[in-house]
Amino acid sequence: MVMTINSSPVLTRESARDFIDEAERNGKLPTPRLSPEREAQIREFEQKTQEFYNKLFG
């Protein structure tokens, strides 16, 4: 779901503090990494998608 500035909730007082605290905790977590197997699957998918696109649109 896409949120625009006008549709985003307004954070005040405790909700703003909770949001900031959670963002700070999340910022300290390690960055997830893909396994080599998953990276290979994604590369294969991208290659097949490109081949299919080329067949359709030359």
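Residue indices begin at 1 and follow the sequence shown.
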Exercise. Measure the spacing between CG of Asn26 and CD of Glu22 and express it to the nearest 0.5 Å.
Key: 5.0 Å
Quiz item: Is it true that Lys48 and Glu44 have a side-chain N and a carboxylate O under 4.0 angstrom from each other?
Solution: yes
Quiz item: So, Glu37 versus Gln41: side-chain donor-acceptor pair below 3.5 Å or not?
Solution: no
Quiz item: Do the charged groups of Arg17 and Asp21 touch, with an N to O distance under 4.0 Å?
Solution: yes
Exercise. Enter the distance from Glu46:CD to Tyr53:OH here, rounded to the nearest 0.5 Å.
Key: 15.5 Å
Quiz item: CD of Glu24 to CZ of Phe19: how many Å apart, nearest 0.5 Å?
Solution: 10.5 Å
